[in-house]
2 protein chains.
Amino acid sequence: MGATKTDLFTKEQNEMAAMAKALAHPARIAILQYLIKKNVCITSTFVEELGLAQATVSQHLKELKLAGIIQGSIEGASVCYCINPKVWKQYKALFNSFFKDVNPAEQECC
Amino acid sequence: MGATKTDLFTKEQNEMAAMAKALAHPARIAILQYLIKKNVCITSTFVEELGLAQATVSQHLKELKLAGIIQGSIEGASVCYCINPKVWKQYKALFNSFFKDVNPAEQECC
DNA sequence: TTTAATCATCGTAATATTGCGATATATTAT
DNA sequence: ATAATATATCGCAATATTACGATGATTAAA
């Protein structure tokens with residue numbers, strides 16, 4: 001036990017959960033917010049900005065990259081990260097459609 | 001080590017991450033989708049629906065309750081769960097504002 | 001070529017999550 | 001009163017996440 005039973009759920013449910021998981025850490029939120037604000041690609045000023053060890057930051061970046069929401073390109077000795085606009089749009093759309101279908105007025109609990 | 005260093009981040013960043021965490025499991029997505037679809041309060045038909053053990057489902061419900069996104073009220077021998085529309089709106093607003101600020105056209109990576 | 005700087009990855013420890021059986025509690029039915 | 005039903009919680013095992021130091025690989029600077 002201990003592992004998530006992904007086979008019990010639909011592809012969409014697993015995808016949605018995976019997206020949420022990518023955002024489920026304040027460091028990763030901070031990284032994304034920084035990228036949004038600067039709009040420009042940034043190397044690892046992140047380490048200074050976040051106050052976490054370089055290895056830890058690298059791990060968070062890896063997760064975001066794995067989720068597809070950011071991309072990095074080698075720029076000399078450093079690496080330039082930025083938001084992947086296509087994937088960002090997908091996230092936006094999926095979260096939007098997930099949240100839109102609830103009409104608060106109709107929600108009358110028992 | 002191992003624990004998230006919440007003190008390094010802003011309240012908003014921690015909140016956003018906590019919200020995402022609540023959604024970061026397919027079972028919890030499934031529970032929420034079911035509640036959205038039925039619109040009506042439901043007891044634990046969830047156990048049948050999800051295919052997870054009763055104890056496990058109860059734990060997921062607890063997490064969603066802790067996050068505030070659902071609420072349960074005792075209905076005889078069973079418990080009636082439903083979405084908390086206020087918190088749902090908060091989630092919606094926060095995720096919306098998080099995702100809206102990226103202009104894909106401006107995102108030109110290095 | 002040596003040195004410094006920038007990252008990624010490995011190994012490891014601490015902690016958190018997931019899942020379930022067993023048990024406890026409360027309510028309803030008999 | 002007893003049995004059945006519905007849930008929550010406890011305790012535990014398996015796995016995942018978080019964090020960091022150390023190390024390796026790559027590039028820029030001296």
Side-chain angles (χ1 to χ4, degrees), chain A residues 1-9 13-14 17-31 34-35 41-67 70-82 109-110, chain B residues 1-9 13-14 17-31 34-35 41-67 70-82 109-110:
Chain A
M1 322 151 198
T4 298
K5 292 191 156 181
T6 51
D7 53 305
L8 289 178
F9 310 101
Q13 288 166 341
N14 283 311
M19 284 184 172
K21 207 175 215 173
L23 305 179
H25 195 288
R28 296 197 287 276
I29 295 291
I31 287 170
Y34 196 83
L35 283 175
C41 299
I42 294 289
T43 23
S44 287
T45 327
F46 289 131
V47 179
E48 303 166 34
E49 284 290 325
L50 299 182
L52 287 168
Q54 184 263 318
T56 308
V57 173
S58 194
Q59 211 169 350
H60 283 301
L61 288 167
K62 189 183 177 185
E63 274 185 74
L64 288 171
K65 230 185 333 181
L66 206 91
I70 67 170
Q71 55 194 171
S73 52
I74 298 171
E75 189 87 352
S78 52
V79 175
C80 169
Y81 284 102
C82 67
C109 207
C110 311
Chain B
M1 321 152 199
T4 298
K5 292 190 156 182
T6 51
D7 53 305
L8 290 177
F9 309 101
Q13 289 166 341
N14 283 312
M19 284 184 172
K21 207 173 213 173
L23 305 178
H25 194 286
R28 295 196 289 275
I29 295 291
I31 288 170
Y34 196 84
L35 283 175
C41 299
I42 293 290
T43 25
S44 288
T45 327
F46 288 131
V47 179
E48 302 167 35
E49 285 289 324
L50 299 182
L52 287 168
Q54 184 263 319
T56 308
V57 173
S58 193
Q59 211 169 350
H60 283 301
L61 288 168
K62 190 185 177 183
E63 273 185 73
L64 289 171
K65 231 185 332 181
L66 206 90
I70 67 170
Q71 54 195 172
S73 52
I74 298 170
E75 189 86 352
S78 52
V79 176
C80 169
Y81 285 103
C82 67
C109 206
C110 309

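This structure is a prediction, so every number in the text was calculated from the model and none was measured. Below, chains carry the letters A, B, ... as their sequence lines are ordered, and counting in each starts from 1.
- Atom-to-atom, NE2 of A/His25 to C1' of D/dT17 comes out at 8 Å; the value is rounded to the nearest Å.
- Across A/Asn14 and A/Phe9, no two heavy atoms sit closer than the pair ND2-O, 3.5 Å.
- Picking from C/dC7, C/dC20, D/dT7 the nucleotide with the shortest atom distance to the side chain of B/Val79 gives D/dT7.
- To the nearest angstrom, C1' of C/dA16 lies 14 Å from CG of B/Leu66.
- Neither OP1 nor OP2 of D/dT7 sits under 4.0 Å from any side-chain N or O of B/Ser58.
- For the salt bridge (Lys or Arg N to Asp or Glu O under 4.0 Å) condition, no pair includes a residue of residues 50-61 of chain A, sequence neighbours left out.
- Rounded to an integer number of Å, the gap from B/Lys5 NZ to D/dC20 P is 4 Å.
- Classified by interplanar angle (parallel below 30°, tilted 30° to 60°, perpendicular above 60°), the ring pair B/His25/B/His60 is tilted.
- Listed by chain and residue number, nothing satisfies the side-chain contact (heavy atoms from CB on, under 4.5 Å) test with B/Leu66 (two or more places apart in sequence, or in another chain).
- Taking atom CZ of A/Phe46 as the reference point, atom P of C/dT6 lies 15 Å away to the nearest angstrom.
- Note: CG (A/Leu64) to P (C/dC7) measures 16 Å, nearest angstrom.
- In this structure, CD1 of A/Ile31 is placed 11 Å from P of D/dA19, rounded to the nearest angstrom.
- Across the protein-nucleic acid pair, B/Gln71 atom CD and D/dT7 atom P stand 16 Å apart, rounded to whole Å.
- For A/Ser58, the side-chain contact (heavy atoms from CB on, under 4.5 Å) criterion is met by A/Gln54, not counting sequence neighbours.
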What one-letter contact string describes nucleotides 22-30 of chain C from 5' to 3', where B marks a base within less than 4.0 Å of any protein heavy atom, S marks contact via sugar-phosphate atoms alone, and - marks no contact?
-----SS--

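- One atom, CD of B/Gln59, and another, C1' of D/dA14, lie 14 Å apart when rounded to the nearest Å.
- Residue B/Thr4 is classed as a sugar-phosphate contact, given heavy-atom separations below 4.0 Å to backbone atoms only.
- B/Glu63 comes within 4.0 angstrom of sugar-phosphate atoms only, judged by non-hydrogen atoms across all strands, and of no base.
- For the OP1/OP2 pair of D/dA8 and a distance below 4.0 Å, the side-chain nitrogens and oxygens of B/Tyr81 include at least one atom meeting the criterion.
- The side-chain contact (heavy atoms from CB on, under 4.5 Å) check on B/Lys65 picks up B/Ile70, B/Tyr81, with sequence neighbours excluded.
- Partners of A/Glu63 by side chain to side chain donor-acceptor pair (under 3.5 Å), not counting sequence neighbours, listed by chain and number: A/Arg28.
- Ranked by how close their nearest DNA chain C nucleotide is to the 5' end, A/Phe9 and A/Thr56 are led by A/Thr56.
- The shortest distance between the side-chain N/O atoms of A/Lys21 and the OP1/OP2 oxygens of C/dT17 is not below 4.0 Å.
- In this structure, A/His60 does not reach the D/dT17 phosphate: none of its side-chain N or O atoms is under 4.0 Å from OP1 or OP2.
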